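Have a look at the structure below, then the notes.
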Protein chains: 2
Amino acid sequence: MINLERLEQQLKARGCKLTRQRRAVLRVVATTEGRLDAARVCEDARAECPEIGLTTVYRTLDILADIGALRRLHLPDGCSSYAPASPGHRHHLICVECGRAVEFEGCDLTALVDSVASRTGFEVEDHWLQLLGRCPACQARRL
Amino acid sequence: MINLERLEQQLKARGCKLTRQRRAVLRVVATTEGRLDAARVCEDARAECPEIGLTTVYRTLDILADIGALRRLHLPDGCSSYAPASPGHRHHLICVECGRAVEFEGCDLTALVDSVASRTGFEVEDHWLQLLGRCPACQARRL
DNA sequence: TACTAGTTGAAAATGATGTTCAGTTAGAGG
DNA sequence: CCTCTAACTGAACATCATTTTCAACTAGTA
Ligand SMILES: [Mn+2]
Ligand SMILES: [Mn+2]
Ligand SMILES: [Zn+2]
Ligand SMILES: [Zn+2]
């Protein structure tokens, strides 16, 4: 769960104005636990700001991804959704059934990265990791 | 480098016919080292089969991904390219400069996965990992 | 050789995302 | 409070990769 005020501050610090549309998007992002995509955000944001357009949603999600408040998810069924992201190096664990996305930290890949680097001669700069599984609620529902 | 005959066998085993178009695509896939995308494959395949259309390329790449001969890559600049893939559980290391993609195996994430699973209650089923870096050739060119 | 399920490509449809632009507004400064 | 302006907005339109359609074609089997 993201802190709404922190988001507003970050936007201001970036020279962005806080419009009604943006506030609506921020509220959706700050109160959603799980995957977000432009269409869904637009729909939800209209509860608070009925005249918001998809264009603005796209623009706002872009900004939020830029400042690191959202991270793009890459899933078997598409690569156009986001998950709320905390500052710092994190990865996501995603429920393949309901789409819930939770962050985790503490990925120690140094041994793996070193081994691959020395075997291939590559200079490894970054890694991208996602875990897929089933959340507790969806496990329970399965029984 | 993928074995062309093996690919042809796999397609046959699947009940696919070996058309001139498909042979052309297979040859491109089997002889390319690095990223592939539909447009590029189509262009290259036309050297052997000038009348091939993009539609067929898309269809053939789909099949190849299905049988595991190609793996979809997810990169900062898009998620619509593939890399040749060997059978078994592998991941890719991709050069952010020239797009060369090499496979590696031996990802031991069990400790990480167990830790995350017990912390979150998720049942982890799968993981996606990609390393990004600079290949030896691109490192040299940088000096 | 004859048959047919599978295949093909041009054309049209789709669908997500980006761009344009004329009008609107947040919010800094007076 | 006003004023001013850079930032913002949404409808309409443009893009562009990918999918669908469909009538014609063909690999491979009998
Ligand atoms: Mn990490
Ligand atoms: Mn692995
Ligand atoms: Zn779930
Ligand atoms: Zn390179």
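The chains referred to below are lettered A, B, ... by the order of the sequence lines, with proteins before strands, and numbering in each begins at 1. Reckoned from all heavy atoms, side chains included, excluding hydrogens, waters and symmetry mates. All values derive from a computational prediction rather than experimental measurement.
Distances shown here put every side-chain N or O of B:Gln21 at or beyond 4.0 Å from the OP1 or OP2 atom of C:dT7. Applying the 4.0 Å criterion to OP1 and OP2 of D:dA27, one finds that B:Arg22 has every side-chain N and O outside that range.
In this structure, A:Leu54 atom CG and D:dC13 atom P are separated by 17 Å, rounded to whole Å. In this structure, CG of A:Leu11 is placed 13 Å from C1' of D:dA7, rounded to the nearest angstrom. B:Asp62 places its CG atom 10 Å from the P atom of D:dT20, with the value rounded to the nearest Å. In this structure, B:Asp77 places its CG atom 13 Å from P of D:dA17, rounding to the nearest Å. Taking atom CD1 on A:Ile52 and atom C1' on D:dA11, their separation rounds to 14 Å, with Å as the unit. When rounded to the nearest whole Å, the span between CZ of B:Arg46 and P of C:dT8 equals 14 Å. Here the C1' atom of nucleotide C:dT8 and the CG atom of B:Leu61 are 15 Å apart, to the nearest Å. Rounded to whole angstrom, the span from the OH atom of B:Tyr82 across to the C1' atom of D:dT18 amounts to 10 Å.
For A:His127 and A:His89, the gap between ring centers is short of 6.0 Å.
In this structure, A:Arg35 contributes its side chain and A:Tyr82 its backbone to no donor-acceptor pair below 3.5 Å.
Salt bridge annotation for B:Glu33-B:Arg100: present, with a cationic side-chain nitrogen under 4.0 angstrom from a carboxylate oxygen. The residues A:Arg23 and A:Glu8 are annotated as salt-bridged, a charged nitrogen and a carboxylate oxygen being separated by less than 4.0 angstrom. Ion pairing between a basic and an acidic side chain is recognised when a charged N comes within 4.0 Å of a carboxylate O; A:Arg27 and A:Asp44 show no such pairing.
Here the side chain of A:Thr55 is nearest to one of D:dT18, C:dA11, C:dT19, namely C:dT19. In the set D:dT19, C:dG9, C:dT17, the nucleotide with an atom closest to the side chain of A:Tyr58 is C:dT17.
Closest approach of B:Cys107 to B:Leu129, counting heavy atoms only: CB-CD2, 4.4 Å.
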Are there any protein N/O atoms within less than 3.5 Å of an N/O atom in nucleotides 28-30 of chain D, and if so, which ones and at what distance?
unit_1 : atom_1 : unit_2  : atom_2 : d
D:dG28 : OP1    : B:Leu18 : N      : 3.1

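Between B:Phe104 and B:His91, the ring-plane angle classifies as tilted under the 30° and 60° cut-offs.
Residue B:Arg59 is classed as a base contact, given a heavy-atom separation below 4.0 Å to a base.
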